[in-house]
Amino acid sequence: MPIEDTAPQGIGEMLEPLVDGKFNFACHPGVPCFTECCRDLKLLLTPYDILKLKKRLGLQARAFLDLHTETAYDEQRHLPMVYLRMQQDNRRTCPFVSPAGCTVYEDRPSACRIYPIARASRVHRTHRAVIENFFILRERHCRGFEKGRTWSIREWLQDQGLDATTDMNNRWMDIVTHPRLRESSSISSQQRQMFFLASYNMDQFRDFVFKSRFLSIFDITDEDIEAMRLEDEPLLALAFNWLKFSLVNEPGLVLRESVKPASTPESQ
């Protein structure tokens with residue numbers, strides 16, 4: 001399905017194809033529209049976005065979610081999705097923007113980081129390759145296209161520090177775009193809660209991993225366990241593997257031999 005049909009409401013008509021894979025753009029305080037794109041947004045936050053932002057702000061995940069996000073049920077994916085909460089002013093301004101620019105710039109969300117490019121991606125279910133398409137998101141107020149330098153997509157992604165972000169986001173999108181999730185009857189209320197925990201609340205998920213039987217059920221190396229105890233990134237990688245295993249029935253984690261079902265004569 002074309003991105004124009006699946007993009008959020010009001011976005012599809014602003015998408016343009018890239019000409020020769022390149023575009024002109026610059027964004028800085030000298031551009032007349034500086035920070036205009038930081039208002040009246042419905043900005044989806046990925047798990048990696050939340051990880052970076054809550055660390056930047058010195059908040060626990062639950063506190064960040066309560067203070068800065070809103071949750072909406074995605075009718076297509078049958079899962080809860082988290083969005084950045086705008087300020088309650090007449091322009092619905094981003095809570096992290098100031099007259100001087102973004103106050104969390106180094107850890108800004110993925111959608112802000114890639115702007116003014118829109119990226120559509122899907123995972124080939126047979127070959128597992130990520131298939132990408134890129135578009136220009138040309139908003140009427142934006143003057144950054146008028147005097148900017150010429151960029152290729154690869155140059156822009158590297159300049160904006162998107163490589164690590166994209167890798168984490170791809171792993172999550174592989175789950176949330178899985179065909180199985182389009183059938184609402186296949187996802188229980190408990191699984192939706194599990195998805196929210198693993199995707200968005202890293203601190204509570206860490207408690208779940210280390211204070212439940214989780215580590216006695218799944219075969220995880222001591223090195224990985226120690227890394228997850230100290231750092232959020234490896235813990236988030238585990239969360240994605242757990243969701244693949246338990247939500248869409250794909251290999252992600254390995255059961256310990258002690259908990260594998262006993263083989264039967266028919267299976268031998």
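Only a predicted model underlies this, so the values are computations on that prediction, with no experimental measurement involved.
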- Do T150 and F25 pass the side chain to side chain contact (heavy atoms under 4.5 Å, CB included) test, and can you show the C-alpha distance, the side-chain angles, and the key distance before you say yes or no? CA-CA 7 Å; T150 300; F25 189 73; over 6 Å; no
- Just do the salt bridge (Lys or Arg N to Asp or Glu O under 4.0 Å) check on E155 and R149 with the steps written out, would you? CA-CA 11 Å; E155 289 170 340; R149 59 160 279 192; 3.4 Å; yes
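Closest approach of M81 to W172, counting heavy atoms only: SD-CH2, 3.7 Å.
L215 and L243 fall within the same hydrophobic cluster, where Ile, Leu, Val, Met, Phe, Trp and Tyr residues are linked whenever their side-chain heavy atoms come under 4.5 Å apart, directly or through other members. No continuous path of ILVMFWY side-chain contacts below 4.5 Å connects L67 to V97, so the two sit in separate hydrophobic clusters.
You'll find the ring centres of W242 and F208 inside the 6.0 Å limit. Ring pair Y105/F96: centre-to-centre distance not below 6.0 Å.
Sorted by first and then second residue, the salt bridge (charged side-chain N to carboxylate O under 4.0 Å, His left out) pairs involving residues 78-93 (not counting sequence neighbours) are E36-R91, D40-R92, E70-R85.
Annotation for D159: atom CG counts as buried by contact number, over 12 foreign heavy atoms lying within 6.0 Å. Within 6.0 Å of atom CD in E106, more than 12 heavy atoms from other residues, nucleotides or ligands are found, so the atom counts as buried in its surroundings.
Panel note: side chain R256, backbone F218; a donor-acceptor pair is recorded below 3.5 Å.
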Validation: residues 226-236 side-chain donor-acceptor distances under 3.5 Å, sequence neighbours left out:
| residue | atom | partner | partner atom | Å |
| --- | --- | --- | --- | --- |
| D232 | OD1 | R206 | NH1 | 3.3 |
| D232 | OD1 | R206 | NH2 | 2.9 |
| D232 | OD2 | K54 | NZ | 2.9 |

Please table the atom pairs, donor to acceptor, closer than 3.5 Å between any side-chain atom in residues 58-66 and protein atoms at least two apart or in another chain.
| residue | atom | partner | partner atom | Å |
| --- | --- | --- | --- | --- |
| R62 | NE | D66 | OD1 | 3.3 |
| R62 | NH2 | D66 | OD1 | 3.2 |

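A donor-acceptor pair shorter than 3.5 Å can be found between the side chains of Q160 and R108.
Rounding to the nearest 0.5 Å places CG of L253 at 5.5 Å from CG of L238. Atom CD in Q191 sits 12.5 Å away from atom NE2 in H78 (nearest 0.5 Å).
A ring pair (Phe, Tyr, Trp, His ring centres under 6.0 Å) with F23 is found for one member of F135, W156, F145 and no other, namely W156.
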